[in-house]
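One structure below.
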Amino acid sequence: MTNELITSSASELAARLAAGEISSVEVTQAHLERTAQVDPAIHAYLHVDAEGALAAARAVDARRAAGDQLSVLAGVPIAVKDVMTATGMPTTCGSKILQGWVPPYESTVVTRIKAAGMPILGKTNMDEFAMGSSTEHSAYGPTRNPWDLERIPGGSGGGSSSVLASFQAPLATGTDTGGSIRQPAAVTGTVGTKPTYGGVSRYGLVALASSLDQAGPCGRTVLDTALLHEVMAGHDPMDSTSINAPVPAVVEAARRADVSGMRIGIVRELTGSGFQAGVQQRFDEAVQHLRDAGAEVVEVSCPSFTYALAAYYLILPSEASSNLAKFDAMRFGLRVLPEGIGDPSAEQVMAATRDAGFGDEVKRRIILGTYALSSGYYDAYYGSAQKVRRLIADDFAAAFERADVLVSPTAPTTAFRFGDKLDDPMAMYLNDIATIPANLAGVPGMSLPSGLAPEDGLPVGFQILAPAMQDQRLYAVGAALEARLLHAWGAPLLACAPTLNAIGQEA
Ligand code: GLN
């Protein structure tokens with residue numbers, strides 16, 4: 001039975017918790033029950049911490065009863081992507097090489113979530129080391145999309161997008177190195193933000209590509225996402241790239257939802273050919289809604305974006321091959337002894353462990369990155385990619401002279417079927433064509449639903465990009481569009497998910 005505690009937004013739950021109408025234990029329990037019902041079919045979680053979540057819920061209820069001053073989201077439960085360390089829970093990052101590893105330290109993001117009084121329901125599934133766009137690269141098997149169980153939920157953060165779309169959690173965390181928050185949001189009809197690089201601490205996250213990685217909030221509404229953004233963001237002395245400046249006023253912007261007089265730039269290179277017809281159609285309609293809400297729409301050109309994917313697939317593997325060198329069978333997780341060798345050397349143990357512990361996509365990128373960084377090729381590959389990165393940042397700077405935010409579809413297609421792109425890495429990589437430029441330039445981006453594609457009835461994502469440290473603009477535009485679309489649809493998009501309702505009833 002669908003319980004209204006699980007279909008409520010986080011902001012509604014927060015208000016009812018603050019008013020004393022419901023307890024965090026009730027809310028947390030309702031979500032754990034939902035997970036017990038539906039997650040066997042969806043597989044969004046790698047680890048559920050029922051006991052820990054309920055203990056945190058009891059603690060926050062007691063603090064509220066004692067009259068303590070609590071944070072806005074106190075008592076609202078959350079799911080955490082398995083790339084983020086949390087004490088007392090395993091962190092696998094979707095990899096066999098970290099199976100059974102319980103970290104002795106904790107990410108700043110998780111510490112802040114705990115300090116805000118938010119019970120952590122569990123750790124969500126992901127592509128191994130956040131490499132992928134479908135969760136098919138998870139060593140623990142894929143997560144299914146609640147809209148159609150034969151389709152991908154996006155990646156790498158498909159577990160986080162699916163817990164939201166299947167009402168197993170009102171909020172979740174993600175990380176976005178090339179689109180892993182925004183693309184999963186797009187294909188599941190949910191909302192996700194990649195904040196400005198340095199806006200949210202990377203301390204305690206398992207690194208993929210350190211100059212691109214950014215943690216961020218995932219929710220079902222723009223306001224919910226903003227509320228979590230404020231919990232996660234802010235300066236952290238433990239992360240040398242953390243920005244020491246006030247957090248952009250994202251909640252205020254989401255509440256005001258005002259785009260009047262704002263200049264919205266459509267990126268010519270990120271629309272039109274290569275995008276599914278229904279994706280383009282919903283994008284065009286969304287732009288019209290923003291015009292109707294008082295925004296001025298212009299077209300901008302960012303010619304270097306054409307090279308973003310190529311540059312990303314040199315920079316990311318280079319950084320990843322270096323970051324992943326620490327998984328050496330000595331310090332973390334798995335240790336495999338080579339067969340048939342009586343007294344193996346450390347190198348032989350490392351080789352056997354890395355062979356058994358890493359999946360194909362991870363190996364592919366380590367090989368690519370090691371090659372790109374090798375002394376004979378460094379300038380030709382890594383050096384050239386860094387130059388392209390500069391050109392992309394310059395394109396953004398020029399575009400933001402003409403527009404306050406830039407917009408595009410988030411992903412070229414709606415959710416594809418399992419197996420469709422698994423054997424063709426290039427086809428998989430192309431999913432992130434519209435999201436990668438933001439990571440290369442360090443600017444913030446959001447995806448929110450803009451409807452269902454007429455040809456397949458699946459969610460379409462609308463992307464908004466803003467200049468660095470202007471994250472609040474994403475929320476102003478996102479909330480304005482969301483309000484208009486809600487009015488046009490008459491109900492939230494997720495209320496329409498056919499399989500979602502079926503999953504609830506079967507159980
Ligand atoms: N899909 C992209 C990749 O495979 C993005 C990953 C991410 O953002 N973590 O690299």
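Ligands are counted one by one from 1 in listed order, and the atoms in each one are counted from 1 as well. Basis for what follows: all heavy atoms, side chains included, without hydrogens, waters or symmetry-related copies. Keep in mind it's a predicted model, so treat the numbers as computed, not measured.
Using a heavy-atom distance under 4.0 Å as the criterion, the protein contacts of ligand 1 are Ala130, Met131, Gly132, Ser133, Ser156, Asp176, Thr177, Gly178, Gly179, Ser180, Leu208, Tyr312, Tyr313, Leu316, Arg365, Asp432.
With rounding to the nearest 0.5 angstrom, the CE atom of Met428 is 9.5 Å from the CG atom of Asp420.
Using the six-membered ring where Trp is involved, Phe400 and Phe396 have ring planes that are parallel, under 30° apart on the 30 and 60° scheme.
Listed for the Arg112 side chain is a donor-acceptor partner under 3.5 Å among the backbone atoms of Gly234.
Judged as a salt bridge (Lys or Arg N to Asp or Glu O under 4.0 Å), not a single pair has a partner in residues 210-219 (not counting sequence neighbours). Applying the ring-ring contact (aromatic ring centres under 6.0 Å, His included) rule to pairs touching residues 90-116 yields Trp101-Phe332, sequence neighbours excluded.
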Indicate every side-chain donor-acceptor pair of residues 321-330 with a distance under 3.5 Å to a residue at least two apart or in another chain.
from	atom 1	to	atom 2	distance (Å)
Ser321	OG	Pro317	O	3.4
Ser321	OG	Ser318	O	3.0
Asn323	ND2	Leu208	O	2.9
Asn323	ND2	Ser210	OG	3.2
Lys326	NZ	Asn323	O	3.0
Asp328	OD1	Met330	N	2.9
Asp328	OD1	Arg331	N	3.3
Asp328	OD2	Arg331	NE	3.3
Asp328	OD2	Arg331	NH2	3.0

